[in-house]
Amino acid sequence: ANSLVVANSTKSIIAESFRSLRTNIQYLASDKKTKIITITSSIGSEGKTFTAINLATIFALAGHKTILIGGDLRKPKIHEDFKANTNKGLSNYLINTIELSEIIEKTDVDNLEIITSGPTPPNPAELLESNMMKELIQKLSNKYDYLIIDTPPVGLVTDGVILMKYSDINLYVVRHN
């Protein structure tokens, strides 16, 4: 019913699996003060958003200032689990119609904030490749320990690959069978 498994069941086997993933990720890009992580897969419904939400939550629960970014401007999903506003978000910021402070939303999880995708634009790839996106990543890197970016599937559109160029760690989700 809800992808927020780690926040709702901190002692579950799934939460422990995400703790293990968190520990392993901390060894990657160890020279970086802020770690930028993209999460993608080949096709839809493989668990990208589920992984992004729970990984961001497990970092936040460990006391790391974390922001989850809805980088899928075509089929956004993050807003559903957080019951967030869909009228404003990343797409609005990238076309310069809204301030950064207006798209960052608090969550019920301490140390976790989100930026939803916002309204679906006609040109998602171009927006994600813009200087505004590059500047956004730089601004957020100065404020957060972890930036987790949920991307669209790379097997269908180029948006995920575009977002990967900003990241230190790329996680590729594969659904078994």
Side-chain angles (χ1 to χ4, degrees), residues 1-9 12-29 32 34-61 64 66-84 86 89-91 94 107 109 112-130 133-134 136-137 140 144 146-177:
N2 190 310
S3 292
L4 291 164
V5 176
V6 171
N8 297 332
S9 303
S12 68
I13 190 72
I14 293 175
E16 197 53 43
S17 296
F18 277 102
R19 280 188 197 89
S20 177
L21 184 57
R22 177 190 67 206
T23 300
N24 287 314
I25 286 173
Q26 289 172 327
Y27 288 103
L28 300 173
K32 302 278 186 164
T34 297
K35 289 185 171 80
I36 304 164
I37 302 169
T38 54
I39 300 174
T40 195
S41 71
S42 295
I43 59 173
S45 300
E46 288 191 288
K48 289 176 297 302
T49 302
F50 176 83
T51 302
I53 287 171
N54 287 290
L55 186 62
T57 302
I58 207 73
F59 276 116
L61 289 172
H64 300 286
T66 306
I67 189 156
L68 175 60
I69 303 167
D72 188 343
L73 301 181
R74 296 171 193 266
K75 286 187 170 181
K77 297 246 189 311
I78 287 175
H79 67 276
E80 294 170 1
D81 289 300
F82 290 99
K83 295 174 182 51
T86 58
L90 181 61
S91 60
L94 294 177
T107 68
V109 179
L112 178 61
E113 296 179 335
I114 62 169
I115 295 176
T116 60
S117 300
T120 303
N123 58 340
E126 289 75 16
L127 290 179
L128 294 172
E129 203 159 23
S130 70
M133 185 65 190
K134 183 178 180 181
L136 172 66
I137 297 293
L140 295 173
Y144 296 92
Y146 287 89
L147 281 67
I148 313 285
I149 307 172
D150 182 34
T151 76
V154 294
L156 302 176
V157 292
T158 62
D159 305 9
V161 177
I162 291 168
L163 288 167
M164 285 180 189
K165 73 180 180 182
Y166 302 115
S167 73
D168 303 309
I169 301 163
N170 300 306
L171 297 183
Y172 202 93
V173 176
V174 179
R175 174 161 284 199
H176 181 68
N177 286 333

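All values below come from the heavy atoms of this structure, side chains included, with hydrogens, waters and symmetry mates left out.
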Are any of the side-chain heavy atoms of [X] and [Y] separated by less than 4.5 Å?
X	Y	answer
E46	T51	no
I58	L21	no
Y144	E113	yes
I148	I39	yes
F59	I37	yes
I53	L68	yes

On a heavy-atom basis, which atom in [X] and which in [Y] lie closest, and how many Å separate them?
X	Y	result
I78	G70	CD1-CA, 3.7 Å
V109	A60	CG1-CB, 4.0 Å
T86	H79	CG2-CD2, 3.1 Å
T40	P153	OG1-CA, 3.9 Å
K48	S41	NZ-OG, 3.0 Å
Q26	H64	NE2-NE2, 3.3 Å

Distance, nearest 0.5 Å, that separates [atom1] of [X] from [atom2] of [Y]:
X	Y	atom1	atom2	value
I69	T116	CD1	OG1	11.0 Å
I67	L147	CD1	CG	6.5 Å
N170	K165	CG	NZ	13.0 Å
N24	R19	CG	CZ	14.0 Å
T66	I114	OG1	CD1	13.0 Å
S117	D150	OG	CG	7.5 Å

Residue pair L90, L127: steps toward the side chain to side chain contact (heavy atoms under 4.5 Å, CB included) verdict: CA-CA 9 Å; L90 181 61; L127 290 179; over 6 Å; no

Check against side chain to side chain contact (heavy atoms under 4.5 Å, CB included), M164 and I149: CA-CA 9 Å; M164 285 180 189; I149 307 172; over 6 Å; no

Heavy atoms of other groups near K32 NZ, more than 12 under 6.0 Å: no

Main-chain N/O of [Y] paired with [X] side-chain donor or acceptor, under 3.5 Å:
X	Y	result
T107	L112	yes
T151	G71	no
K134	Y166	no
T38	L171	no
S91	P119	yes

Side chain to side chain contact (heavy atoms under 4.5 Å, CB included) between Y146 and L55, worked out: CA-CA 10 Å; Y146 287 89; L55 186 62; over 6 Å; no

Audit row: I115, L140, side chain to side chain contact (heavy atoms under 4.5 Å, CB included) steps and yes/no: CA-CA 11 Å; I115 295 176; L140 295 173; 4.0 Å; yes

Residue pairs fulfilling salt bridge (charged side-chain N to carboxylate O under 4.0 Å, His left out) with at least one residue in residues 67-79, sequence neighbours excluded: R74-D159

